[in-house]
2 protein chains.
Amino acid sequence: MSQTKIKNMEEFAAASGISRPTLSKYFNDPDSVRKTTRQKIETALESFDYRPNIYAMNQNRRMTKNIGIVVPYLADQFFGEIVRVIERRCIDAGFSPSLFSSHGEQAREIDILDNLRSMKPAGVLLAPLGRQSDKSAIEAFCRDVPTVLFDSNIEGMGEAFVGSDNYSFVSQTVEYLSRSGEPPCFIEMRHPANPNANKRREAYLSMMSRLKFEPHVIPIEGTGWEFEEIGRQGGLKLLSDRALPTRSVLCSNDRLAIGFLSACYEKGVRVGRFDGCDLRVASHDGHPLSRFTCPSLTTAGHDYASVSEHAVETLFRLIDRGGRFKEREETLFPAGLIIRNSA
Amino acid sequence: MSQTKIKNMEEFAAASGISRPTLSKYFNDPDSVRKTTRQKIETALESFDYRPNIYAMNQNRRMTKNIGIVVPYLADQFFGEIVRVIERRCIDAGFSPSLFSSHGEQAREIDILDNLRSMKPAGVLLAPLGRQSDKSAIEAFCRDVPTVLFDSNIEGMGEAFVGSDNYSFVSQTVEYLSRSGEPPCFIEMRHPANPNANKRREAYLSMMSRLKFEPHVIPIEGTGWEFEEIGRQGGLKLLSDRALPTRSVLCSNDRLAIGFLSACYEKGVRVGRFDGCDLRVASHDGHPLSRFTCPSLTTAGHDYASVSEHAVETLFRLIDRGGRFKEREETLFPAGLIIRNSA
DNA sequence: GGTAAAAGTTAACGCGCGTAAAAAAACTAT
DNA sequence: ATAGTTTTTTTACGCGCGTTAACTTTTACC
């Protein structure tokens, strides 16, 4: 252990017998110094436990090794999962990730972007709120900071977008439901916060038309991020009013479906793909809890790993390129159909 | 909008007609300058949009206005909810919260604490991993940085602990279940990661003994943070083996119960508090999704608002006091019994 | 209107580190 | 061993802001 407290790089230079500029080089990139000196430094580091002052390090740099990660709603397990993978990859690549959640509020998203700007990050991974986002604020931000969008696309913003291919999600569920029984109606929020919802509706309509079935889009009321409650209330109303046009239901996303299933249960409607069931219910996202619903939920799942890996990989490439791509990139990953008991 | 770009406080001083030291005072505490000058500054701020360099601000300060928030697992909605409230209050109080998730890994928790230390935060709100935590690392950290623990208590560490009163949770559920039917057996993970689980088992045993019922603690296998899966596998096994000693089941926490309910559903066991049901299931935590299970889950819910408010309030008080309390504080909030359909 | 207290200004230094230039030292290859 | 290359050292300055001290202007109050 250390005997004398080392408080700056100067003192550590004296203690380790390496000059300060060389130490500075080392801390910014350990591979930039000769192997023998690197070992000397690392030996000294062990006995003196010194860490450079991060504020002093960054204040005179036009760009830091920080990476911002912004998600719309951290309580949504989808983002919890994505963030975990992204953080790990950033750390492994020698960056310091900073995590922010907009908590579904536009003002908060703008605040976060403002803060982020003054952190001079090397790059930012941004999952915007979507419909609620202040487009011009995001546009201005993307001009200043190298940004990769994920999850929600906003046309033309950021240098790249990485997300899931909504058509792939919906085409698989519609095709499966139609093949194995009655074609589904489609339940969604009337005013979805997230642009993916619109893509999914369009995909549903297009698939139904291709398969020559009559489409039924059923919008339910409610705003905010409490999707389960919205799905539940919508479900209770639809079931009370006997307003479902078909005996197959496709929900826009799993959280809505979780609420809808709870309504079915309460109303005594037997959900499932087996004989004696009243209704089949399927959905999209592959929510971590979708396999614990009653019955377990048939859904089209995100390729979580690919989306997060590719988002990070794209950002690193963007940083290497100096923050600009020739052309905006868009990468969409297909879904994987997960057949369980609900449909 | 601005015409000339302002790049530091010097230039902003010239543009606004206020001297730099006064500006410095203003940015560190807007109330420390006279109202008239404050208004002049704020007017100038609007037309020039300047923000002080956060790195330069902090590098020569022994303590910053940063607050660290560390949780063991962000994908757990319990923490998602708590973090939302805490972040908001920190911002309103003029601090900059930084959010970190240990993702259930000891190494990650240690890393986070190391980083946090070099951020010189004014204070830290730490929900430790629990059993997996490196006690000595946490102890060392708490010596250097004013820290309030929450959710998981580790005896003697940090200047304060704010959490829920596990006895209150369990006594209410056990009392309710016993009064309204058969006394419950208690299902928990054999090696729980979180110390609250141990408190809950003890509370169960103590309540059962007080009520003069025979206790049945049923440990189930599995490690990690995938509680639902653990609860499900445990449930499937118990039901197959017909190993449940009673027709009332009390789960240690809601996530376990969600898995257990899915096992019951799959096995065709009718869960509920009504005639014709085979089993009653109750639990603890008031998980955001507990009301959407099938049937909806009877549970003892955290007082989320009070826990998070009081944790923040305690940290602010600690910071005011210079980072030390005379005596370690411990505050526990009681649970609220939420009677739904499962029991 | 005069005076003391409060708030602002000017001038100057320091924080810890990045970085550039010139000189010295350490390797590499012939 | 020698010349050539790479790496390290020395020296010195700058970044943007915190902070202090001495001084000047504004306010508040009788």
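Residue numbering restarts at 1 for every chain, and letters A, B, ... go by the order of the sequence lines.
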Asker: List the atom pairs, with distances to 0.1 Å, where a side-chain N or O of residues 138-150 of chain B and a protein N or O form a donor-acceptor pair under 3.5 Å, not counting sequence neighbours.
Answerer:
{"unit_1": "B:Asp144", "atom_1": "OD2", "unit_2": "B:Arg117", "atom_2": "NH1", "d": "2.4"}
{"unit_1": "B:Thr147", "atom_1": "OG1", "unit_2": "B:Val145", "atom_2": "O", "d": "2.8"}

Asker: Please evaluate residues B:Phe27 and B:Val33 with respect to the criterion side-chain contact (heavy atoms from CB on, under 4.5 Å), reporting the C-alpha separation (whole Å), side-chain torsions for both, the decisive distance (0.1 Å), and the verdict.
Answerer: CA-CA 10 Å; B:Phe27 284 114; B:Val33 302; over 6 Å; no

Asker: Judged by modelled atom types alone, do A:Asn58 and A:Thr64 share a side-chain donor-acceptor pair under 3.5 Å?
Answerer: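 Absent: no donor and acceptor within the cut-off.
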
Asker: Is it the case that the ring center of B:Tyr73 lies less than 6.0 angstrom away from the ring center of B:Phe78?
Answerer: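 Ring centroids of B:Phe78 and B:Tyr73 are no less than 6.0 Å from each other.
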
Asker: Restricting to salt bridge (Lys or Arg N to Asp or Glu O under 4.0 Å), what partner residues turn up for A:Arg131, sequence neighbours left out?
Answerer: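 A:Arg131: no salt bridge (Lys or Arg N to Asp or Glu O under 4.0 Å) contacts found.
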
Asker: Could you tell me the separation between the CE atom of B:Met63 and the C1' atom of D:dG18, rounded to a whole number of Å?
Answerer: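 One finds 16 Å between C1' of D:dG18 and CE of B:Met63, rounded.
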
Asker: For nucleotides 6-12 of chain D, list the nitrogen or oxygen atoms of the protein found under 3.5 Å from its nitrogen or oxygen atoms, one pair per line.
Answerer:
{"unit_1": "D:dT7", "atom_1": "O4'", "unit_2": "A:Arg34", "atom_2": "NH2", "d": "3.1"}
{"unit_1": "D:dT8", "atom_1": "OP1", "unit_2": "A:Arg34", "atom_2": "N", "d": "3.0"}
{"unit_1": "D:dT8", "atom_1": "OP1", "unit_2": "A:Thr37", "atom_2": "OG1", "d": "2.6"}
{"unit_1": "D:dT9", "atom_1": "OP2", "unit_2": "A:Ser19", "atom_2": "N", "d": "3.1"}
{"unit_1": "D:dT9", "atom_1": "OP2", "unit_2": "A:Ser19", "atom_2": "OG", "d": "2.6"}
{"unit_1": "D:dT9", "atom_1": "OP2", "unit_2": "A:Thr22", "atom_2": "OG1", "d": "2.8"}
{"unit_1": "D:dA12", "atom_1": "N6", "unit_2": "A:Arg20", "atom_2": "NH2", "d": "3.4"}

Asker: Looking for any heavy atom pair under 4.0 Å, which part of the strands does B:Asn28 touch: base, sugar-phosphate only, or nothing?
Answerer: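 It contacts sugar-phosphate atoms only.
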
Asker: Please state how far atom CG in B:Asn53 lies from atom P in D:dG14, giving the value in whole angstrom units.
Answerer: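 Rounding to the nearest Å, CG of B:Asn53 and P of D:dG14 are 18 Å apart.
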
Asker: Thinking salt bridges, do B:Arg328 and B:Glu330 make one under a 4.0 Å N-O criterion?
Answerer: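 A salt bridge links B:Arg328 with B:Glu330.
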
Asker: Contact boundaries of DNA chain C with chain B (under 4.0 Å, heavy atoms), 5' to 3'?
Answerer: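 In short, chain B contacts DNA chain C from C:dA7 to C:dG16.
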
Asker: Roughly, in whole Å, what's the span from CE in B:Met9 to P in D:dT19?
Answerer: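 B:Met9 atom CE is separated from D:dT19 atom P by 11 Å.
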
Asker: Mind checking what makes side-chain hydrogen bond (donor to acceptor under 3.5 Å, both in side chains) contact with B:Thr37, not counting sequence neighbours?
Answerer: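 For B:Thr37, no residue satisfies side-chain hydrogen bond (donor to acceptor under 3.5 Å, both in side chains) once neighbours in sequence are set aside.
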
Asker: Which part of the nucleic acid, if any, lies within reach of A:Tyr50 when heavy atoms closer than 4.0 Å are counted: base, sugar-phosphate only, or nothing?
Answerer: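 It contacts sugar-phosphate atoms only.
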
Asker: Using atom types as modelled, flag every donor-acceptor pair under 3.5 Å from a side chain in residues 86-97 of chain A to any protein atom, sequence neighbours excluded.
Answerer:
{"unit_1": "A:Glu87", "atom_1": "OE1", "unit_2": "B:His103", "atom_2": "NE2", "d": "2.7"}
{"unit_1": "A:Arg88", "atom_1": "NH2", "unit_2": "B:Glu105", "atom_2": "OE1", "d": "3.1"}
{"unit_1": "A:Arg89", "atom_1": "NE", "unit_2": "A:Glu309", "atom_2": "OE1", "d": "2.7"}
{"unit_1": "A:Arg89", "atom_1": "NH2", "unit_2": "A:Glu309", "atom_2": "OE1", "d": "3.4"}

